[in-house]
Each structure stands twice: as structure tokens, then as C-alpha cells.
Amino acid sequence: MATITLDPATRLEGHLKVSVETNLGRVTAAKSSGMLFRGFENLLAGKDPRDAAHITQRVCGVCPISHGMAASLAGEVGARMTAPDNARIVRNLILASNFLQSHILHFYTLALLSYIKGPAMPPFTPAYDVDMRFNATENQVLVDHYVQALTMRRKAHEMAAIFAGKMPHTAVFEFGGVTTVPKAADITRFRTYLTEITAFIDNVYLPDVDLLAQRYSDYYTIGRGYGNLLAFGVFDLNGAGTAKLLARGRVANGSTTVTAVDLAAITEQAKYSWYDDAQTARNPSQGVTVPSPDKAGAYSWLKAPRYAGGAYEVGSLARMWVNGDYRRGISVMDRHQARSHETQKIARAMSTWLSQINLGASFYTAYTTPQSGSGIGLTEAPRGALGHWVSVSNRGIASYQILTPTCWNCSPRDAAGAPGPLEKALEGIAVSDAAKPTEVLRVIQSYDPCLSCAVH
Ligand code: NFE
């Protein structure tokens, strides 16, 4: 019996601590802890509802656009209006650019370095050097692609900034539409970036994931977890949001039968979280965030979101599975595969959307803050399902709750004692070297956790 603790688990955003109990080299139980508190929900109280599209983007520099999108949708739902088609398309293009940069960042900068040897210098050292299976030539090609990916990620940001003005943290999101009115030259410039990034995705990213999957095919059987997958869906293809590039839905235990998402079935539990017990098992529409840093038995600043009591994985694999695009399996390697194929699917769709911008039509519809009301904004961030729940009174924010992807994936145990998705996925894996638990890190990184988002 031994306990292995990664604190912090490296190459992910924010401070995640993971502790695993092992017996004869196998993990018997895992604990995932978010080790910081932020309090965005509380600081939004009393603000002008329109500020939410700007403040919540500061939850994270990697996925700010998703927050701008969720906040705008929630505000527009609350005001019973929709933004015009041009705004929907421009928002999709900015969000899609943000997905491309995030997925490229995740594979090359965060995950791949757990399978290749970088140059013998920081930031590549120190590193675990166990279970390295690429030959010297392959290793060098992948290191070269790592360097190339840094440029591609920058270019994806530059592409987004053509419409967003700047990245990260754009000012382009306003309730009712977007503050930019693109010109034909902007669209041409965007397409030039998109062509280059698409070529990288097709010719470098997907083949590299395939090569990784060949050498590490055993990782198709590692890190499955519960097999429960949930997606809110993203990239609206019409104003009503009834058609999406990636659909809303969920499956239980690896099923191929997709069922509808009933928002009323979502609760955020807090038995093992450093929050006051008064908020246990509340729907986000009723949620409160009362920190309780000395609470006995608690071990994380993440709440534990559950759907009908079950722990659900969110992210590219959930989206691609629900949409019927990828159903090979649920594992570490399937997460990398689904993410790369999703990147390709989104890049293809962006090309179509670019030609749908109607330069003669409006990008904004006048918005008036209602005296009171409530709205829910559901979308996807690169790491998975994202929701904002807002209620307004006296034209100010009365309450705001944010439910992020990493909060689903890295949540602690729930009131019934059932582990969160990552905790479950770690159970049973073999650890060859307790001093260099690379298998544990690879499972963690397959979810692409972001703790800044998770605790928000
Ligand atoms: Ni900070 Fe975020 C998460 C994504 S959504 S990266 O989790 O993707 O708040």
C-alpha cells in the first residue's frame, strides 16, 4: 500500500492536486483536488448584467470566448431576444478559432511531452523519462512539431483577433450581437490563416495522434471511467439554436443511444468541497457559493456536478460521441483521437461559415436589460460543456452561477461517496514506478484539465 501525490499535477492550467492509493502497483482509489478559490460568481452580484460577458471571460485566458458566448446567450435568453445571423456566425468563428488554438496547445504543449523526450534543458527538464517508446527519429520529428505548434497556436489567436480585436479577452461580445463589422479584406485575411492552420491539422496534428496511438495502443484500454458522456452542444447553425455543428445530448455507460439533456436533473453537490453545506445538491439556477475553508472532510475547491446523480465526462470525446462522429471507445487515447478529429471538423465548418457572412446586413440588434428575469446560456468550451445561469432584479445581477467543464471532469466525491469522473478513471491503472507515475499523469492530461476554470 502506498500513496502517490502529484501536487501540482503539471502541464495543465491552474493548481490540480491528485492523490492515488496503490496496492501492488495498482491504483485502488484516487482523489482530485482543486487547490485555489476565486469567487467570480460572488463578485458578479449587483453588476450590470452586460458586464458578465466581459468579466466572466477573465475566468480563463485559454477559453475566454466560451464564457463570452455563454454570458451573451444567457443575457439574450433573459431579454427574450436573439442576436442576428451575422453575429451568430462571427461569434462561431471566434469561438472556433479559440477551439483550434486550445486543442493544438493541449496536444503538443501539454500532453505530448509525457510521451517524448524534449531537449535536455528547461522547460523540458526535469521530466519523467519512463516508458518512452519513440525511436530517435520519431522523437525528433515530434519535437519539431511541438515547436511548429507554438506558431500555429499563435496564428489561431491572430485569426480570432481579426474579428475579436484582441485575444484573449475580447471586447467584441455585447448582448444583442458583436461590436465588429468586418470588411471583405478581413474575411480574406481570416481565410488565409484558416487555410494554413487547416493544413497543419490535416498533415501534422492528426498523423501525430495516429503515431502516438500506434506506439501506445494500450492506452485505448486505460482511463475509461464511468463512460457517462454529456454535451450541451455548440456552434449554432440557425438563430433558434435548434441545429448545431455538435449536438446537445448525453449517453450513460458508453451507450450509443443518445438521450436528451434535462437541465433540471443537474445538481452541484458540495459534501467534499470547501463550501457551506447549505448549497448541497442545488440546481445551478438556485446555486450559491459560500466558501468554508475549514470544513471537515472536504478536499477540493471544486463542487461536484452530477446529472440525475451520475458523474459525467465532458469534452471533445463526449461531443463527438453524442454527435455520432467518433465512437471507437472511451479511454486516454480515444480522448486524444476525438479531440484531433473534432479540430478537423471545426476547421472545415469554419470555411463554410466564412462564406455565410452577409456584409450588407446587421451584426447587432438593440438590447434592453429587463427589469427582472433569468437566463441560461449553454455552450461548449474546448474542454467541455459550459453553462451560465443568471437572474436579474432591478436591472442588476441578483445571482450568477457558472458550471465549467473541468468542474464536471475533476470533481470530488459526491454526497453518496461516488468518485468524480477523473477519480474513477484512475482506479485500476498500473503504476510502474511510484517515483515517476507517468501513467497517472497521462490519464489526468487526457482530460485537458483547467483548474482556473474549474474553481472560477
Ligand atoms: Ni480554463 Fe475552460 C474549462 C475550457 S471553461 S479552459 O474547464 O475549455 O471555463
Side-chain angles (χ1 to χ4, degrees), residues 50 52-54 57 63-77 79-102 152-202 233-246 343-368 377 379-382:
R50 292 170 295 185
H54 306 289
Q57 284 189 60
C63 68
I65 303 303
S66 326
H67 287 283
M69 182 78 106
S72 301
L73 294 174
E76 288 159 6
V77 166
R80 295 193 166 80
M81 67 168 304
T82 48
D85 273 344
N86 268 340
R88 170 180 59 77
I89 294 163
V90 167
R91 286 174 180 178
N92 278 352
L93 285 164
I94 299 170
L95 181 61
S97 306
N98 198 217
F99 269 63
L100 267 42
Q101 75 79 22
S102 182
M152 287 301 143
R153 184 196 176 213
R154 171 171 57 75
K155 291 194 173 189
H157 263 332
E158 288 171 359
M159 176 168 69
I162 292 171
F163 297 146
K166 70 186 260 288
M167 281 297 293
H169 305 141
T170 173
V172 83
F173 283 91
E174 275 302 324
F175 293 2
V178 290
T179 58
T180 186
V181 177
K183 299 185 180 56
D186 297 326
I187 295 174
T188 306
R189 227 158 35 99
F190 197 103
R191 194 176 289 288
T192 304
Y193 275 105
L194 182 59
T195 303
E196 185 182 0
I197 296 167
T198 303
F200 176 81
I201 295 164
D202 291 348
V234 66
F235 300 123
D236 288 353
L237 302 178
N238 60 20
T242 48
K244 296 176 191 296
L245 181 71
L246 291 156
T343 312
Q344 188 177 52
K345 181 184 174 89
I346 293 170
R348 297 259 186 288
M350 290 169 76
S351 176
T352 308
W353 299 336
L354 259 188
S355 29
Q356 292 171 344
I357 296 177
N358 178 355
L359 292 177
S362 171
F363 290 78
Y364 177 75
T365 300
Y367 161 90
T368 311
T379 186
E380 295 276 333

Could you report the tightest heavy-atom contact between M167 and A161, atom names first, then the distance? CG-N, 4.0 Å
What are the two closest heavy atoms between R88 and D236, and how far apart are they? NH1-O, 3.0 Å
Using the rule given for side chain to side chain contact (heavy atoms under 4.5 Å, CB included), can you reason through F190 versus I357, listing the C-alpha separation, both sets of side-chain angles and the distance that settles it, and then say yes or no? CA-CA 12 Å; F190 197 103; I357 296 177; over 6 Å; no
So, does K166 use its side chain to make a donor-acceptor pair with the main chain of P168 at under 3.5 Å? yes
With a 4.0 Å cut-off on N to O distance, would you call K183 and D186 a salt bridge? no
On a heavy-atom basis, which atom in V172 and which in F163 lie closest, and how many Å separate them? CG2-O, 3.4 Å
Show, in sequence, the C-alpha distance, side-chain angles and deciding distance for N358 and D85, and conclude whether the side chain to side chain contact (heavy atoms under 4.5 Å, CB included) test is met. CA-CA 9 Å; N358 178 355; D85 273 344; over 6 Å; no
Could you state the interatomic distance from CG (L246) to CD1 (I346), rounded to the nearest 0.5 Å? 6.0 Å
So if I apply the side chain to side chain contact (heavy atoms under 4.5 Å, CB included) rule between M159 and each of Q101, M350, R189, which one comes out positive? M350
Closest non-hydrogen atom pair, F363 against A87: O-CB, 3.5 Å
Show the nearest heavy-atom pair for residues I65 and Q57, with the distance to one decimal. CD1-OE1, 4.3 Å
Indicate yes or no for a side-chain donor-acceptor contact from E76 to the backbone of F175 under 3.5 Å, with no hydrogens or angles considered. no
One should read off an interatomic distance between L237 CG and N92 CG, to the nearest 0.5 angstrom, of 7.0 Å
Is the backbone of G233 close enough, under 3.5 Å, to the side chain of E380 for a donor and an acceptor to pair up by distance? yes
Euclidean distance, L93 CG relative to F235 CZ, rounded to 0.5 Å: 9.0 Å
OG on S97 to NZ on K155, rounded to 0.5 Å: 14.0 Å
CG on D202 to CD1 on I197, rounded to 0.5 Å: 12.0 Å
For M69, which of V234, N98, L95 qualifies under side chain to side chain contact (heavy atoms under 4.5 Å, CB included)? L95
Main-chain N/O of G177 paired with R91 side-chain donor or acceptor, under 3.5 Å: yes
Smallest separation among heavy atoms of T198 and A347, with atom names: OG1-CB, 3.8 Å
Under 3.5 Å, is there a donor on one side chain and an acceptor on the other for E174 and Y364? no
Rounding to 0.5 Å, atoms CD1 (I201) and CG (L100) come to a distance of 4.0 Å
